[in-house]
Amino acid sequence: MRKLIQELITQALLDMQREGSLPKELEPEVVVERTRSIEHGDFASNVALTLAKPARRAPREIAEEIIDRLLSNKNVEKVELAGPGFINFYLTQHSLQSVITQILAQGDDYGQGYDGNGTRVQVEFVSANPTGPLHVGHGRGAAYGATLSNILEAAGYHVQREYYVNDAGRQMDILATSVWLRYLELGGTQVAFPANGYQGDYIYDVARTVRQDHGDDLRRSAQEVSDGLPEDGIGDDPEAKDQREVHIDALVLRAKQALGDEQYGVCYEAALNAMVDDIREDLARFNVVYDNWFSERELASSGSVQRALDQLREQSHLYEKDGAQWLRATEFGDEKDRVVIREDGRTTYFASDIAYFLNKVERGFDRTIYVLGADHHGYVARLRAAASGLGKDPEMLEIPLVQFAHLYRHGEKVQMSTRSGKFVTLRELREEVGTDAARFFYVMRSHDQHLDFDLDLAKSQSQDNPVYYIQYAHARVASMFRKLDDKGYSHNSAIGAAALERLTEPHENTVMRSLAQYPEVISAAARKRAPHLMAHYLRDLAQDFHSYYNAHQVLVDDEDLRNARLNLSQAVGQVLANGLKLLGVSAPDSM
RNA sequence: GCGCCCGUAGCUCAACUGGAUAGAGCAUCGGCCUUCUAAGCCGACGGUUGCAGGUUCGAGUCCUGCCGGGCGUGCCA
């Protein structure tokens, strides 16, 4: 509809240019928007206002000429000139009603668009280190990334959802070593557990599986484990902090020596597999499913990192200083140059990031979206710099930053800290408030806003809870259809379709207008990477329906009117279900 | 210090990337169940969009400077 109006205006403008009342060289961009209020019609355009200056004429005068030249269209009831020069379009009643037929015909596909035009986009999100359970911070990234992916897909993009598994590097070694130490403990070997090791109980679980599969094979004496190691650090001062790092690194090295590659690998693989399986299961229960789990190790072993660095070196974007290799990131807008190869010859994490980006490009994506936590915003400039250095358009790399979510319980902020291990896991949150509420609450706010997550509200089964409010609207529709039999009626969709002109109540018009907006919401939410628009829209649609439901009886005696209203209600149920699906929220038939 | 993000009703947030009279929910107050689910509906109250300038037909939105908050600023991952 919007495009149709755009087309009408464009035609009128071309006419004016032909007649010479508008300069020919102008190439006006015709913007048509939904109006904020029905007083201004259904759609409005501000072309006359934007043309006023270049054409050096009064906006209202231009608008009037446009209106005179508009071809009539069966969907447009009337066109009005308003305010400083807006052109307002009012749709016909028939045009409003036709959306119902369209929705019922398209069903689950209603709202799907072609904006994406098959653009290949990859959305990478969560990608938490597989060193422990996901916590509520990851939850927001998961909800945002998954919903965004769904919406992009609905808007016609070709989407791949990817989880980047950091299965290499120091943290993984510390994890593997932690598992081994717990394994020893379970076997009766007493060794002091390092302050910087992974403390969680889940480490014992992994250790137990290692014992099951390998018995005492990995057992070593306490002396062999800890003799000659530097002291662990105790306390808060910076010195103790350094001591802890030195201690844990030495311990990892000791574990590797004592166990040898194969047995160390047993701990490593057991830990990795357990963590990744756990994360995968956790996310699946959160209705978050990935198309691909990408391994950092494979990236390294395939020589991609070297290749990426070679490519940068060829372009003279690397240089040596203090024995390390640096990327000239400042040449591409970063605030400082970045190390890619350390003095000791090992590549940095950033080097892997560069290789990973290159790998994505080579896989043929037109766009790569990295969903990151706001605390990672330092990466943005540096990844862009790397992209530029590789000769790629930094624009193809998008990094929406998801702000923190704070949990509130009984009006009090829930304190969390990773250090003490006292963080709320995603699993706990899910079990407390349910997947539906959690998914909805996470994307209810714009991703660049801090989110206050009210646990009590999310749990409450009341009018205050927007999730239930929307689901209730869907259940009401289903309930009406169940009631048909009791009343001796049945739904005849054909009769309803033929009688749509009976839908003329203001409440009905409001609902139909909302329904017609759904495809536009998908389009806008995709374009702006803003899933919260969908959450807001669904709430508004539910509200319009609840309001209608209270004002008018659907199951009336009049057969034509009854079926027309049933068609309308069915359409509402369909759109609610479609929208909730994108959010990863269920659409129950009864509550 | 420097960099990025944010500041809108008492609270939590919208506002279609520059459009018309800045909108919702919560909270507060008042109404509606003998009728399709009251997990609902209807109404009232609530604003100098942090402050000061600037850009233009038009600014919550853009530019500058302040004020306040968050995060970052490792040869960590």
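Please read all numbers here as calculations on a predicted model, not as lab measurements. So that the names make sense, note that chain A is the first sequence line, chain B the second, and so on, each numbered from 1.
- Applying the 90° cutoff around 0 to the glycosidic angle, B:C33 is assigned syn.
- Residue A:Ala551 is classed as having no contact, given no heavy-atom separation below 4.0 Å to the nucleic acid.
- Nucleic acid contact for A:His546: sugar-phosphate only, since backbone atoms but no base atoms lie under 4.0 Å from a heavy atom of the residue.
- Residue A:Lys241 is out of contact with every strand shown, counting any heavy-atom pair closer than 4.0 Å.
- Looking at heavy-atom distances under 4.0 Å, A:His552 makes contact with a base.
- Using modelled atom types, one finds no donor on one side chain facing an acceptor on the other under 3.5 Å when comparing A:Tyr356 with A:Glu296.
- For residues 524-534 of chain A, the set of pairs meeting the side chain to side chain donor-acceptor pair (under 3.5 Å) definition, not counting sequence neighbours, comprises A:Glu398-A:Arg529.
- By the 6.0 Å and 45° rule, A:Arg562 stacks over the aromatic ring of A:Tyr489.
- Atom C1' of nucleotide B:C75 and atom CG of A:Asp242 are separated by 14 Å, given to the nearest angstrom.
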Set out, in order, the CA-CA distance, both residues' side-chain angles and the distance that settles ring-ring contact (aromatic ring centres under 6.0 Å, His included) for A:Tyr442 and A:Tyr144, then state yes or no. CA-CA 7 Å; A:Tyr442 270 134; A:Tyr144 175 80; over 10 Å; no
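- An OP1 or OP2 oxygen of B:A20 is reached within less than 4.0 angstrom by a side-chain nitrogen or oxygen of A:Arg36.
- Residue A:Lys336 has its side chain nearest to B:U73 when only B:C16, B:G19, B:U73 are considered.
- Within 4.0 Å of A:Glu343, counting heavy atoms only, lies at least one base atom of the nucleic acid.
- If you check B:C11 for Watson-Crick or wobble pairing at under 3.5 angstrom, you find it paired to B:G25.
- Within the nucleic acid shown, A:Asp486 has no heavy atom closer than 4.0 Å to any nucleic acid atom.
- A donor N or O paired with an acceptor N or O is found under 3.5 Å between the base of B:A20 and the side-chain atoms of A:Asn88.
- Looking at which nucleotide of RNA chain B each of A:Ala374 and A:Met172 is closest to, the 5′-most match is held by A:Ala374.
- Other residues, nucleotides and ligands contribute at most 12 non-hydrogen atoms within 6.0 Å of the CD atom of A:Glu298.
- Heavy atoms of A:Gln543 sit under 4.0 angstrom from primed sugar atoms or phosphate atoms, though from no base atom.
- Using a 90° window around 0 for the glycosidic torsion, B:U28 falls outside it and is classed as anti.
- Ring-to-base geometry does not place A:Tyr469 in a stacked arrangement with B:A39 (centre distance under 5.5 Å, plane angle under 30° required).
- Defined by atom type and a distance below 3.5 Å, a donor-acceptor pair is present between the side-chain atoms of A:Asp436 and A:Gln471.
- Within the nucleic acid shown, A:Tyr549 comes within 4.0 Å of at least one base atom, counting heavy atoms only.
- Both tests hold for A:Arg539 against A:Tyr469: distance to the six-membered ring centre under 6.0 Å, angle to the ring axis within 45°.
- When both distances must be under 3.5 Å, the Watson-Crick or G-U wobble mate of B:G53 is B:C63.
- Side chain A:His376 to base B:G72: no donor-acceptor pair is found below 3.5 Å.
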Contact list (N/O, under 3.5 angstrom) for nucleotides 5-12 of chain B vs protein:
unit_1, atom_1, unit_2, atom_2, d
B:U12, O3', A:Asp452, OD2, 3.4
B:U12, O2', A:Arg445, NH2, 3.2

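- Looking at heavy-atom distances under 4.0 Å, A:Ala324 makes contact with a base.
- At whole-Å resolution of the value, CG in A:Asp375 and C1' in B:G69 are 17 Å apart.
- Heavy atoms of A:Ala82 sit under 4.0 angstrom from at least one base atom.
- Looking at heavy-atom distances under 4.0 Å, A:Ser547 makes contact with sugar-phosphate atoms alone, never a base.
- Taking atom NE2 on A:His536 and atom P on B:A24, their separation rounds to 13 Å, with Å as the unit.
- Closest-nucleotide positions on RNA chain B for A:Tyr548 and A:Leu533 were compared, and the one nearer the 5' end corresponds to A:Leu533.
- As a whole-Å value, the separation of A:Glu335 CD from B:G74 P is 8 Å.
- Using atom P as the reference point in both B:A27 and B:A39, the two lie 16 Å apart (nearest Å).
- In this model, the phosphate group of B:C36 is not approached by any side-chain N or O of A:Ser569 to a distance below 4.0 Å at OP1 or OP2.
- Under the 3.5 Å distance criterion, the side-chain polar atoms of A:Tyr268 are left unmatched by any main-chain donor or acceptor of A:Leu175.
- No side-chain N or O of A:Tyr548 forms a donor-acceptor pair with one of A:Asn509 less than 3.5 Å apart.
- For the C1' atoms, the distance linking B:U28 with B:C45 amounts to 8 Å, nearest Å.
- Looking at the side chain of A:Ser446, the nearest of the listed nucleotides B:A14, B:A39, B:C71 is B:A14.
- Across the protein-nucleic acid pair, A:Gln553 atom CD and B:C33 atom P stand 15 Å apart, rounded to whole Å.
- In terms of phosphate contacts, A:His532 brings a side-chain nitrogen or oxygen within less than 4.0 Å of OP1 or OP2 of B:A15.
- Under a 4.0 Å N-O distance rule, the pair A:Arg502/A:Asp558 qualifies as a salt bridge.
- Neither side chain, A:Thr510 nor A:Asp544, offers a donor N or O lying under 3.5 Å from an acceptor on the other.
- With both pairing distances under 3.5 Å, B:C71 is matched to B:G3 as a Watson-Crick or G-U wobble pair.
- For the pair A:Lys528 NZ and B:U17 C1', the interatomic distance rounds to 6 Å; values are reported in whole Å.
- In this structure B:A38 sits in no base pair that meets the Watson-Crick or G-U test at under 3.5 Å.
- Across all strands shown, A:Ala381 has no heavy atoms under 4.0 Å from either base or sugar-phosphate atoms.
- Counting to the nearest Å, the P atom of B:C16 and the NE2 atom of A:His40 are 16 Å from each other.
- Base contact: A:Arg34 has a heavy atom under 4.0 Å from a base atom.
- Atom pair A:Asn550:CG and B:C41:P shows a separation of 7 Å (rounding to whole Å applied).
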Using the 3.5 Å cut-off, write out each protein N or O paired with an N or O of nucleotides 56-59 of chain B and the distance between them.
unit_1, atom_1, unit_2, atom_2, d
B:C57, OP1, A:Lys53, NZ, 3.4

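- For A:Arg342, no side-chain nitrogen or oxygen approaches OP1 or OP2 of B:G74 to under 4.0 Å.
- The phosphate of B:A38 has OP1 or OP2 within less than 4.0 Å of a side-chain N or O from A:Arg476.
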Criterion ring-ring contact (aromatic ring centres under 6.0 Å, His included) on A:His317 and A:Phe332, from CA distance to verdict: CA-CA 10 Å; A:His317 296 318; A:Phe332 304 106; 5.1 Å; yes
